[in-house]
Amino acid sequence: MSVRTRFAPSPTGYLHVGGLRTALYAYLFAKQNNGTLILRIEDTDQSRKVEGATEKLIEALQWAGIDYDEGPGKDGNHGPYIQSERLAIYRTHSDLLLKNGKAYHCFCSAERLEQLRSSGATMYDRQCRAIPYDEAQQRAAAGEPHVVRLKIPDDGELKFHDEVRGDVTFAFNTLDDQVLLKTDGFPTYHLAVVVDDHAMEVSHVIRGEEWLPSTPKHIILYQYFGWTVPKFAHLPLLLNPDKSKLSKRQGDVAVEDYRAKGYLKEALINFVAFLGWNPGDEREIFSMQDLTNEFSINRVGKAGAVFNIEKLNWMNQQHMKIKSDNDLLPLVKPLIIEKGWGSFSDEYITQVIGLMKERVVVLSDFAGMCPYFFEEPSSYDEAAKAKNWKPESSAHLLKLSETLKTQEIFNAATVEAALRSTAEECKIGAGKLIHPMRLAISGVSNGPSLFHMAEVLGKETVIRRIGTALEKIQ
RNA sequence: GGCGCGUUCGUCUAACGGUUAGGACGGAGCCCUCUCAAGGCUUAAAUACGGGUUCGAUUCCCGUACGCGCUACCA
């Protein structure tokens, strides 16, 4: 039997990082089993419709490198893959259940249900179960508003095996007669998910732990239809720092947010993969290929995991270092252009990347942390000035500048040689020249090696900036 | 409230029932060094609690506590 997994998000307008991890695990599991990953859009709640949400979801998935095999835009003979386009199918199945006495029409009004709840009831009181099938059918045909509810067996319990949690048991008398078909004719999640997973021949349902309590209802449905029950794997939740379910309000949750902030997809994927899974040894930096080789559902943990930005930052740096300067260029260039520095050549930007990549944590730092590579310093850091700019610094720098002007070849090595010999002539330590020169050409006191920075900036710029600094700094 | 799931350093986690309970992020310190990073080294820091079972429990069982999830005609 071939492995078929699915990622079935509801189109809320963005891809949640928890969803990203679910999708990733489903993808990895499918990949390593030579299986198929299906993307299915669960848009059965009309009131929650968001324009363009599906497109955004697909784009985020694509960006992350999670390719689905079947889904919107990729037919696989199991479509359509958008639930709002499958309404007739749910209706048919609901009717089948009704006919077989496994479900019933419920005409209770929203008001009655609310009253029921406020009077302390924790489940529906099954009042409409007593209505004879023919009568209910007539009332429904006459247009009386109603829903269809699932008949939960009266007593007994349901035990099932979860791939990550082991055996789980629920007593039937704690299960509600779940609504399957809403008044508007749309199915609820519970009906749609079962009908579709079966129709799409899903073999492994990999989803978040929040679905664990409703799994018994789903299994009952499989049994009522006489279908094979797929395997279930309920993943531990991703948590806020306060341990509640990861949500907006407490930080960024959308994949798009992290992308926009300048995180590499490699880092986000690696990070999220390790929230709930690890290879069992001490390696931590994994590529998508490494993950597909080594991921195993057996090693997925049971406890929720806090989404820790500090660690993500570190991982991003690690992946940044792995990437070549050339690979980083297409990611950095747009940010440079956006800043209005479009006139710099690819070669120049690539050199800047080489000098900065182990000093930045996110891509946007390339544009934010070192503006001096792209424009003249507009001011000079006061603290650095106080610390490193001595009364005699001007004279020393002037002398250095004169020496630099005579350099035929201007690179890190020659600049360093010139600076050190000048320092010697002035009978001062090299540091007494290095720090003021750094301040003069960058405006700040930190950054890459001074000599390499000078090489990238070029002779003309360096000499010009020293001149400007000499005028502006007393 | 009911049901379910979970619980190892602050965080992510490792540990066939036998380890000085390991690693990583973050913290502290040192080294390297023209600054900032990076890197290297060192260090503080955990098995929720109580009972069993066992020669021996982080590990198996029970209970308690705590946390989280679900409890919608939302997914």
Side-chain angles (χ1 to χ4, degrees), chain A residues 8-12 42-45 47-48 83 106 108-110 113-114 117 120 122-124 145-149 162 164-166 168-171 173-176 178-190 192-193 207-216 234 236-237 239 241-245 271 274-285 299 301-315 317-318 321 355-361 369-370 384 387-388 416 419 429-435 437-439 442 444-451 453:
Chain A
S10 63
T12 54
E42 312 231 325
D43 60 344
T44 54
D45 186 353
S47 64
R48 282 214 202 174
Q83 289 186 328
C106 172
C108 293
S109 63
L113 295 177
E114 208 163 300
R117 270 192 289 273
T122 130
M123 295 191 290
Y124 175 59
H146 65 280
V147 300
V148 175
R149 285 183 186 271
D162 186 272
V164 349
R165 268 145 232 288
V168 185
T169 309
F170 288 85
N173 61 19
T174 65
L175 266 31
D176 206 354
Q178 188 65 53
V179 171
L180 299 177
L181 211 60
K182 304 182 234 180
T183 307
D184 65 2
F186 276 68
T188 58
Y189 172 84
H190 307 283
V193 77
R207 72 214 321 186
E209 189 188 350
E210 68 265 34
W211 296 110
L212 194 56
S214 47
T215 302
H234 287 96
L237 262 19
L239 275 22
D242 73 355
K243 305 264 188 183
S244 58
K245 185 165 140 184
F271 176 66
F274 271 63
L275 255 24
W277 174 87
N278 71 80
D281 53 39
E282 274 152 19
R283 292 168 301 151
E284 294 205 275
I285 302 304
R299 291 198 60 86
K302 299 175 174 36
V306 173
F307 191 94
N308 178 213
I309 308 271
E310 296 291 332
K311 186 118 187 200
L312 206 213
N313 287 340
W314 172 78
M315 262 192 184
Q317 284 183 308
Q318 298 302 309
K321 287 202 288 183
L355 290 186
M356 291 302 297
K357 76 173 175 183
E358 58 183 36
R359 279 163 243 270
V360 301
V361 355
M369 273 176 60
C370 49
K387 184 162 187 256
N388 296 318
E416 177 163 13
L419 184 140
K432 293 266 187 296
L433 222 33
I434 288 173
H435 296 298
M437 177 171 164
R438 173 185 296 284
L439 185 64
S442 75
V444 293
S445 63
N446 56 35
S449 146
L450 174 69
F451 308 119
M453 192 160 60

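Protein chains get the first letters and strands the later ones, always in sequence-line order, with residue 1 at the start of each. Only heavy atoms go into these numbers, but all of them, side chains included; no hydrogens, no water, no symmetry mates.
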- Task: Using whole Å, report how far NZ of A:Lys321 lies from P of B:A37.
- Result: 14 Å
- Query: Is A:Lys182 salt-bridged to A:Asp184, going by a charged N under 4.0 Å from an acidic O?
  - Reply: no
- Note on the structure: Taken in chain and number order and not counting sequence neighbours, the residues that satisfy ring pair (Phe, Tyr, Trp, His ring centres under 6.0 Å) with A:Phe274 are A:Trp277, A:Phe286
- Query: Any donor-acceptor pair under 3.5 Å linking the side chain of A:Arg48 with the backbone of A:Pro11?
  - Reply: no
- Query: For the pair made of CD in A:Gln178 and P in B:C3, what is the distance, rounded to whole Å?
  - Reply: 19 Å
Could you list, one pair per line, each protein nitrogen or oxygen that sits under 3.5 Å from a nitrogen or oxygen of nucleotides 33-35 of chain B, together with the distance?
from, atom 1, to, atom 2, distance (Å)
B:C34, O2', A:His435, ND1, 3.4
B:C34, O2', A:His435, NE2, 3.1
B:C34, O2, A:Arg438, NH2, 2.8
B:C34, N3, A:Leu450, N, 3.1
B:C34, N4, A:Ser449, OG, 2.8
B:U35, O2', A:Ser445, O, 2.8
B:U35, O2, A:Ser445, O, 3.4
B:U35, O2, A:Gly447, N, 2.7
B:U35, O2, A:Gly447, O, 3.1
B:U35, N3, A:Arg438, NH2, 3.1
B:U35, N3, A:Gly447, O, 2.5
B:U35, O4, A:Gly447, O, 3.4
B:U35, O4, A:Ser449, N, 3.2

- Query: What about A:Thr183, does its side chain sit under 3.5 Å from the base of B:C73 through a donor-acceptor pair?
  - Reply: yes
- Item | Partner residues of A:Val168 under the side chain to side chain contact (heavy atoms under 4.5 Å, CB included) criterion, sequence neighbours left out | A:Phe160, A:Asp162, A:Arg165, A:Phe170
- Message: Could you check whether any side-chain heavy atom of A:Met356 comes within less than 4.5 Å of a side-chain heavy atom of A:Pro448, counting everything from C-beta outward?
- Response: yes
- Query: Is any side-chain N or O of A:Thr188 closer than 4.0 Å to OP1 or OP2 of B:A75?
  - Reply: no
- Task: Counting Watson-Crick and G-U wobble pairs only, both distances under 3.5 Å, name the nucleotide matched with B:G18, or none.
- Result: B:C55
- Message: Rounding to an integer number of Å, can you tell me how far A:Glu210 CD sits from B:A72 P?
- Response: 16 Å
- Message: Distance check needed: B:C70 C1' versus A:Arg207 CZ, whole Å only.
- Response: 12 Å
- Task: Remember a base hit wins even if backbone is also touched, and classify A:Thr12 as base, sugar-phosphate or nothing at under 4.0 Å, heavy atoms.
- Result: nothing
- Taking NZ from A:Lys245 and C1' from B:G6, how many angstroms apart are they, rounded to a whole number? 15 Å
- Item | Donor-acceptor contact present, side-chain A:Thr188 to main-chain A:Val179, <3.5 Å | yes
- Note on the structure: Readout for nucleotides 43-48 of chain B: B = base within 4.0 Å of protein heavy atom, S = sugar-phosphate only, - = neither; 5' to 3' it is ------
With 3.5 Å as the limit, what N/O pairs link the protein to nucleotides 8-11 of chain B?
from, atom 1, to, atom 2, distance (Å)
B:U11, OP1, A:Lys243, NZ, 3.4

- Message: If the condition is side chain to side chain contact (heavy atoms under 4.5 Å, CB included), which residues does A:Lys311 pass it with, not counting sequence neighbours?
- Response: A:Phe271, A:Glu284, A:Asn308, A:Trp314
- Message: Could you identify the nucleotide paired to B:A24, looking across every strand shown and requiring Watson-Crick or G-U wobble geometry with both distances under 3.5 Å?
- Response: B:U11
- Do any N or O atoms from the side chain of A:Asp176 and from the backbone of A:Gln178 form a donor-acceptor pair under 3.5 angstrom? no
- Watson-Crick or G-U wobble partner for B:G50, using a 3.5 Å limit on both distances? B:C62
- Between A:Arg117 and B:G1, does any side-chain N or O lie under 4.0 Å from OP1 or OP2? no
